[in-house]
Amino acid sequence: MHQRSWYTTKQNAGVVFKDNAVIVHGDEYTKDAWTNVTPTVLSKISRQLHLQDRNPIGIIRQLIEGHFHDFKGFNSFSPIVTTRQNFDDLLIPQDHPSRTKSDNYYFNESTVLRAHTSAHQLQGLASGYNKFLISGDVYRRDEIDSSHYPVFHQIEGFAYFEHENKQDTLAAIQADLDNASPIPENIQVIDDTVIHQGNPIQSCHDQQVVELVAAHLKHSINSMICHIFAGEPDLKVRWIEAYFPFTSPSYEVEIFYQGEWLEVLGCGVVQQTLMNRGGRDKAIGWAFGMGLERLAMVLFGIPDIRLFWSEDARFLEQFQPGQISKFKPFSKYPPCIKDISFWLPATGDWHDNNFCETVRGVAGDIVENVKVIDDFTHPKTNRRSLCYRIMYRSMDRNVTNDEINEIQEKVRAAVEQDFDVELREKK
Ligand code: PHE
């Protein structure tokens, strides 16, 4: 990628882009071939929506902490982590697709914006608390639409039981379960998962213990969901088998709400290797990681993920700490639609995420949606041409066609420069 001039000069609070380094709050990260963080994405790290008690993200975080009241909460770990924390500590293989540059924001080969709160599991283990929650902003390069944004928030839950022998472990988990309140009537739990070869018990574990840990995990999650959706007349929760390198067996949980299945979290019995590395070789535990945006969107009736980032009083002043209330839309301003089409260079891969990143880098949050509307390969020359439709719309003001034309010109120039494409005529 070529370096655009405004990448090296643009700054935002505490962030400086130099030719050879990126500086964030005085910490300097030397650039290398992996560097792909942008000023736009770094401008988000100071926002900490999960700590704002009037932002729906912060309200949901507190609701969950209220449910897990005997868990220690960690909410201020830095989102800048080592690749070791984000991947290696979690036993994610070197060649795993989740490590790619097109999915993550790298400062350099060994430093990345965390892609999940699981990056702090070992820090949680080191804290000595046997039950903890970790919330934070997480970063993944992604497409742009009403429910995808390159920054979102997660909360991680972790509980482990540390005892000398099997009997004591079983007794402790059982006691905890007996203590927990029963799952209310308003929820239907659909769970036909069974532990089997494809989603196995770890060979170092005892089957009876794992089954009880899994029961504890399931009870904890089901009752958390009831708590979040309190008063919902017919709530359905579905457990599905999943795979994560850092848990086994692993599950995903979906919630049926207003006619749709929402995928809300991943979880499982923590890999013993990870427990051992965290200094807890006598313990067995479970972990979950849950996205907050999707839950907040359905609970508060928020139609567009960008709204969480709005600094408009008409958004922020609608919400009260500790309360779920329905969002009252303020007038929707008309969109402005622009197409851009180009011939791709003869060689090299094409990734939508990279394109979206460039668009967002130039235009910012005014971009509501980017989609491919034409993908065509010329039968004779074999050249491939793409056409993207960019929908511009501000959440809080009218945009003029002139203003968008100017932005679109910058987008065209940036796309041409970043990807070495040949722009086609404007439509
Ligand atoms: N970190 C996983 C994700 O972001 C979720 C997860 C957390 C899965 C903890 C298992 C245990 O998808």
Side-chain angles (χ1 to χ4, degrees), residues 81 83-104 112 114-122 124-125 134 138-143 148 152 154-160 189-207 209-222 224-225 236-256 261-278 280 283-295 353:
V81 300
T83 47
R84 175 177 184 148
Q85 288 173 287
N86 201 73
F87 304 116
D88 307 49
D89 284 348
L90 294 156
L91 316 167
I92 297 172
Q94 277 306 326
D95 57 355
H96 196 270
S98 68
R99 291 186 184 244
T100 55
K101 240 177 110 171
S102 54
D103 282 1
N104 296 282
V112 68
R114 66 182 162 215
H116 50 180
T117 42
S118 302
H120 303 290
Q121 285 192 359
L122 282 190
L125 281 178
I134 303 163
V138 300
Y139 298 77
R140 295 184 196 173
R141 300 183 73 205
D142 213 332
E143 293 152 31
H148 291 91
F152 59 101
Q154 283 188 328
I155 190 159
E156 192 91 0
F158 202 114
Y160 64 86
V189 178
I190 304 165
D191 180 4
D192 43 29
T193 60
V194 281
I195 295 177
H196 67 105
Q197 267 311 304
N199 191 21
I201 289 193
Q202 298 164 45
S203 56
C204 57
H205 283 158
D206 175 278
Q207 169 139 1
V209 174
V210 170
E211 293 201 355
L212 201 56
V213 170
H216 190 278
L217 165 66
K218 288 178 177 180
H219 186 90
S220 305
I221 302 279
N222 290 333
M224 166 185 69
I225 292 171
K236 277 193 219 135
V237 174
R238 178 159 81 181
W239 285 75
I240 303 171
E241 284 178 16
Y243 170 77
F244 301 102
F246 36 97
T247 50
S248 191
S250 304
Y251 307 97
E252 252 159 31
V253 177
E254 297 182 337
I255 300 177
F256 193 74
W261 282 105
L262 300 172
E263 195 188 300
V264 295
L265 66 84
C267 63
V269 176
V270 180
Q271 283 288 350
Q272 201 57 38
T273 314
L274 198 154
M275 298 295 300
N276 298 352
R277 285 189 194 166
R280 303 280 152 205
I284 179 163
W286 56 248
F288 73 82
M290 178 163 76
L292 298 183
E293 266 74 358
R294 247 189 267 169
L295 283 177
N353 288 355

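- For the pair R238 and F256, the minimum side-chain heavy-atom distance is 4.5 Å or more.
- Contact of the F152 side chain with the R140 side chain is registered, since non-hydrogen atoms from C-beta on lie closer than 4.5 Å.
- With hydrogens and angles ignored, the 3.5 Å screen pairs a side-chain donor or acceptor of R99 with a backbone N or O of I92.
- Panel note: side chain N199, backbone S250; a donor-acceptor pair is recorded below 3.5 Å.
- Under the 3.5 Å distance criterion, the side-chain polar atoms of Q202 are matched with a main-chain donor or acceptor of V270.
- The structure places CG of D142 at 5.0 Å from NE2 of H148, a figure rounded to the nearest 0.5 Å.
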Test log, rule side-chain contact (heavy atoms from CB on, under 4.5 Å), inputs S98 and F87 = CA-CA 9 Å; S98 68; F87 304 116; 4.1 Å; yes
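- A distance-only check finds a donor-acceptor pair linking the side chain of R141 to the backbone of K101 [under 3.5 Å].
- Between H116 and F246, the ring-plane angle classifies as perpendicular under the 30° and 60° cut-offs.
- With contacts defined as side-chain heavy-atom distances shorter than 4.5 Å, the pair I225/V253 qualifies.
- Counted by atom type alone, S118 and E156 present one or more donor-acceptor pairs between their side chains at under 3.5 Å.
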Can H205 and V213 be said to form a side-chain contact (heavy atoms from CB on, under 4.5 Å), step by step?
-> CA-CA 11 Å; H205 283 158; V213 170; over 6 Å; no
Begin from the C-alpha positions of D206 and I284 and carry the test side-chain contact (heavy atoms from CB on, under 4.5 Å) through to its verdict.
-> CA-CA 10 Å; D206 175 278; I284 179 163; over 6 Å; no
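- Counting only distance, with no hydrogens or angles, the side chain of N86 and the backbone of A115 share a donor-acceptor pair below 3.5 Å.
- Atom-to-atom distance recorded for L91:CG and H96:NE2 is 11.5 Å, nearest 0.5 angstrom.
- Residues R114 and Q85 form no side-chain contact, since every pair of their non-hydrogen atoms from C-beta on lies 4.5 Å or further apart.
- To the nearest 0.5 Å, atom OG1 of residue T100 and atom CG of residue D95 are 11.5 Å apart.
- The two residues G266 and F244 come nearest to each other via the heavy atoms CA-CZ, 3.6 Å.
- Judged by distance alone, with hydrogens and angles left aside, the side-chain atoms of D89 form no donor-acceptor pair with the main-chain N or O of A119 at under 3.5 Å.
- The nearest pair of heavy atoms linking M290 to V264 is CG-O, 3.3 Å.
- For the pair D103 and P97, the minimum side-chain heavy-atom distance is 4.5 Å or more.
- Considering every non-hydrogen atom in both A287 and Q121, the closest pair reads CB-NE2, 3.7 Å.
- Between T193 and K218 there is a side-chain heavy-atom pair separated by less than 4.5 Å.
- At distances below 3.5 Å, not a single donor-acceptor pair connects side-chain atoms of R277 with backbone N or O atoms of L122.
- Among all heavy-atom pairs drawn from V138 and T117, the shortest one is CG1-N, 3.8 Å.
- For Y251 against W239, the heavy-atom pair with the smallest separation is CB-CE3, 3.7 Å.
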Could you walk me through whether L274 and R280 pass side-chain contact (heavy atoms from CB on, under 4.5 Å), step by step?
-> CA-CA 9 Å; L274 198 154; R280 303 280 152 205; over 6 Å; no
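- Under the 4.5 Å side-chain criterion, counting only non-hydrogen atoms from C-beta, L265 is in contact with M224.
- For the pair T247 and Q271, the minimum side-chain heavy-atom distance is 4.5 Å or more.
- Atom CH2 of W261 sits about 4.0 Å away from atom CD1 of I190, to the nearest 0.5 Å.
- The shortest heavy-atom contact between C204 and Q272 is SG-CB, 3.5 Å.
- With values rounded to the nearest 0.5 angstrom, I195 atom CD1 is found 4.5 Å from E211 atom CD.
- Remark: the backbone N or O of S102 is paired with a side-chain donor or acceptor of N353 at under 3.5 angstrom.
- Separating the CD1 atom in I221 from the SG atom in C267 is a distance of 5.0 Å, to the nearest 0.5 Å.
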